[in-house]
Colleague: 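Okay, here's the structure, questions in a sec.
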Protein chains: 2
Amino acid sequence: MKTNSRFAFAVHILTMLAISDSKRMPSDFIAESAKTNPVIIRRVMLLLEKAGLITSQTGARGGAMLICKPKDITLLDVYNAVENVSIFSLHPNMPNPKCPVGKNIQNLLSDVFIKAELAMKEVLEAATIEQIKLAITKKT
Amino acid sequence: MKTNSRFAFAVHILTMLAISDSKRMPSDFIAESAKTNPVIIRRVMLLLEKAGLITSQTGARGGAMLICKPKDITLLDVYNAVENVSIFSLHPNMPNPKCPVGKNIQNLLSDVFIKAELAMKEVLEAATIEQIKLAITKKT
DNA sequence: ATATTCTGTAACAAATATAGTTACAATATT
DNA sequence: AATATTGTAACTATATTTGTTACAGAATAT
């Protein structure tokens with residue numbers, strides 16, 4: 001499985017915006033903290049904007065800002081904003097329906113996949129951007 | 001995220017071997033059921049062999065066979081056999097330690113990642129190859 | 001013995017995903 | 001008018017996945 005860093009980037013962005021509060025923050029600044037290219041940050045910001053989590057503005061003193069309160073943003077919201085495929089995959093080609101296993105395996109697998117992914121998402125749902133923000137600001 | 005089908009293939013293979021019981025089954029036969037190339041099946045079989053789940057034999061009347069009983073093989077065993085990376089990724093580059101967020105975010109993310117992945121694995125651990133085998137054989 | 005049936009493995013191709021880079025038009029503020 | 005910033009396109013490099021062909025070596029069958 002080749003995973004990506006979008007979720008980590010997204011949480012990073014939202015945490016910085018939560019700390020910045022009502023002051024807009026540009027992608028360059030976040031990119032320096034996340035040690036990546038500003039365009040990468042902007043691409044993730046677009047997904048967060050689509051999901052209704054942030055708003056961006058072009059021009060001087062522009063940048064991104066949270067729309068909702070940090071305590072109302074769960075990590076599941078963030079995950080759903082940046083990831084839209086299941087963590088499990090079925091067969092690339094439909095198995096042979098003439099074989100009893102081939103005929104039934106995908107339904108049986110899907111049952112387990114859905115339950116397992118749900119369990120994972122429940123953990124993400126229990127964590128919020130506020131919690132992460134507080135864990136950081138309380139340290140300093 | 002680019003997922004793979006190895007886990008689905010692995011469960012498919014083990015289920016067929018569970019049904020075949022003590023009779024060895026060649027990769028060609030399984031490949032026909034899974035609608036893929038025999039080499040793909042053999043590659044997954046190698047992983048299952050390394051994990052101590054099956055044994056293979058070359059030559060005529062060769063093929064693969066289960067080592068343990070289907071009820072002793074959990075889907076977590078299978079998952080661990082074919083997948084060895086986390087479903088989540090941290091930043092590609094270490095974030096800036098001069099930024100409070102950059103300094104702490106990876107530890108905080110890791111905590112959540114570990115818990116979420118564990119929850120998913122607990123679901124996999126509750127399912128066995130025997131259950132899947134029975135769900136199929138009882139149908140026919 | 002010889003032929004047959006398998007695995008194990010290498011080498012390669014094609015498709016897709018990811019992260020990163022440069023560049024620039026459009027937009028908003030100073 | 002100058003400056004800062006997003007949105008977006010085009011491109012590169014790298015890695016992963018699946019699939020393919022090919023073949024040596026091993027085990028069985030005849």
Side-chain angles (χ1 to χ4, degrees), chain A residues 1-10 12-13 16-17 20 23-32 34-50 53-65 67 82-95, chain B residues 1-10 12-13 16-17 20 23-32 34-50 53-65 67 82-95:
Chain A
M1 185 145 50
K2 185 176 188 180
T3 55
N4 65 54
S5 302
R6 279 203 302 270
F7 185 40
F9 280 145
H12 194 129
I13 292 167
M16 292 196 71
L17 296 186
S20 177
K23 195 180 153 201
R24 288 188 184 277
M25 193 177 269
S27 60
D28 303 55
F29 187 76
I30 301 174
E32 263 184 40
K35 287 284 186 206
T36 184
N37 192 292
V39 175
I40 302 292
I41 297 297
R42 292 207 284 272
R43 292 210 269 245
V44 177
M45 288 198 321
L46 285 174
L47 296 174
L48 298 175
E49 199 171 4
K50 257 190 214 160
L53 299 177
I54 69 171
T55 149
S56 286
Q57 194 177 286
T58 63
R61 295 286 165 93
M65 222 176 81
I67 284 182
V82 299
E83 210 63 66
N84 50 7
V85 297
S86 167
I87 55 177
F88 300 106
S89 284
L90 292 172
H91 309 60
N93 308 304
M94 189 67 75
Chain B
M1 185 144 50
K2 187 176 189 182
T3 55
N4 65 55
S5 301
R6 280 202 300 271
F7 185 41
F9 280 144
H12 194 130
I13 292 167
M16 291 195 71
L17 296 185
S20 177
K23 195 179 153 202
R24 290 189 182 277
M25 193 177 269
S27 59
D28 304 54
F29 187 75
I30 301 174
E32 262 184 41
K35 287 284 186 206
T36 184
N37 192 293
V39 175
I40 301 291
I41 297 297
R42 291 206 284 273
R43 292 211 269 244
V44 176
M45 289 198 322
L46 285 175
L47 296 173
L48 297 174
E49 198 170 5
K50 257 190 211 160
L53 299 177
I54 67 170
T55 151
S56 286
Q57 194 177 283
T58 64
R61 296 285 164 96
M65 220 176 84
I67 284 180
V82 299
E83 210 63 67
N84 50 7
V85 298
S86 166
I87 55 176
F88 300 105
S89 283
L90 292 172
H91 309 61
N93 308 304
M94 187 68 75

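Just so we're on the same page: letters track the sequence lines, and every chain starts at 1.
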Colleague: What is the distance, to the nearest angstrom, from the CD1 atom on B:Ile54 to the C1' atom on C:dC6?
Modeller: 14 Å

Colleague: Please check if the side chain of B:Glu83 supplies one atom and the backbone of B:Phe7 the other of a donor-acceptor pair under 3.5 Å.
Modeller: no

Colleague: Taking only N and O in the side chain of A:Asn4, is any of them less than 4.0 Å away from OP1 or OP2 of D:dA15?
Modeller: no

Colleague: Please compare B:Asp28 and B:Met1 by the position of their nearest nucleotide in DNA chain C and report the one closer to 5'.
Modeller: B:Asp28

Colleague: Take the protein atom CD1 of B:Ile41 and the nucleotide atom P of D:dG19, then report the distance between them rounded to whole Å.
Modeller: 9 Å

Colleague: Ignoring hydrogens and geometry beyond distance, is the side chain of A:Lys2 in donor-acceptor contact with the base of C:dT18 at under 3.5 Å?
Modeller: no

Colleague: What's the closest nucleotide to the A:Pro92 side chain, out of C:dT29, D:dT6, D:dG19?
Modeller: D:dG19

Colleague: Does C:dG8 have OP1 or OP2 under 4.0 Å away from a side-chain N or O of B:Gln57?
Modeller: no

Colleague: Which whole-number value in Å describes the distance from A:Met45 CE to D:dT8 P?
Modeller: 12 Å

Colleague: For the side chain of B:Ser20 and the backbone of B:Lys23, is there at least one donor-acceptor N/O pair under 3.5 Å apart?
Modeller: yes

Colleague: Would you indicate what A:Gly62 reaches in the nucleic acid, counting non-hydrogen atoms under 4.0 angstrom: base, sugar-phosphate, or nothing?
Modeller: sugar-phosphate

Colleague: Could you please name the option among D:dT28, C:dT7, D:dT3 that lies closest to any side-chain atom of A:Ala60?
Modeller: D:dT3

Colleague: Rounded to whole Å, how long is the line connecting atom NZ of A:Lys35 with atom P of C:dA19?
Modeller: 18 Å

Colleague: In this structure, how many angstroms lie between the P atom of C:dG20 and the NE2 atom of B:His91, rounded?
Modeller: 10 Å

Colleague: Given C:dT9, D:dG19, C:dA28, which nucleotide is nearest the side-chain atoms of A:Thr58?
Modeller: C:dA28

Colleague: How close or far is atom C1' of C:dT7 from atom CD1 of B:Ile30, stated in whole angstroms?
Modeller: 12 Å

Colleague: Choose from D:dA10, D:dT17, D:dG7 the nucleotide whose nearest atom is closest to any side-chain atom of A:Arg43.
Modeller: D:dA10

Colleague: Given C:dT18, is OP1 or OP2 found less than 4.0 Å from the side-chain N or O atoms of A:Arg6?
Modeller: yes

Colleague: Atom CD1 in B:Ile41, atom CG in B:Leu46: separation rounded to 0.5 Å?
Modeller: 11.5 Å

Colleague: Look at A:Thr36 and C:dG20 and indicate whether a side-chain polar atom (N or O) is within less than 4.0 Å of OP1 or OP2.
Modeller: yes

Colleague: Is the distance from OP1 or OP2 of D:dA29 to the nearest side-chain N or O of B:Arg61 less than 4.0 Å?
Modeller: yes

Colleague: Just the rounded figure in Å: distance from P of D:dT17 to CZ of B:Phe7.
Modeller: 15 Å

Colleague: Atom CZ in A:Arg6, atom CG in A:Leu48: separation rounded to 0.5 Å?
Modeller: 11.0 Å

Colleague: Kindly compute the distance separating OG (B:Ser27) from CD1 (B:Ile13), expressed to the nearest 0.5 Å.
Modeller: 9.0 Å

Colleague: How many angstroms lie between CE in B:Met45 and CG in B:Leu17, if you round to the nearest 0.5 Å?
Modeller: 8.0 Å

Colleague: Please compare B:Glu49 and B:Ser89 by the position of their nearest nucleotide in DNA chain C and report the one closer to 5'.
Modeller: B:Glu49

Colleague: Would you mind telling me which of C:dG20, D:dA15, D:dT28 lies closest to the side-chain atoms of A:Ile40?
Modeller: C:dG20

Colleague: Does a side-chain N or O from A:Ser5 land closer than 4.0 Å to OP1 or OP2 of C:dA19, or not?
Modeller: yes

Colleague: Rounded to the Å, how far apart are A:Met65 CE and D:dT5 C1'?
Modeller: 16 Å

Colleague: Under 4.0 Å between any heavy atoms, over every strand shown, what does A:Asn37 touch: base, sugar-phosphate, or nothing? Just pick one.
Modeller: base

Colleague: May I ask you to evaluate whether B:Arg42 reaches the phosphate of C:dT7, defined as a side-chain N or O under 4.0 Å from OP1 or OP2?
Modeller: yes

Colleague: The side chain of B:Ser56 lies closest to which of these nucleotides: C:dG8, D:dT28, C:dT29?
Modeller: C:dG8

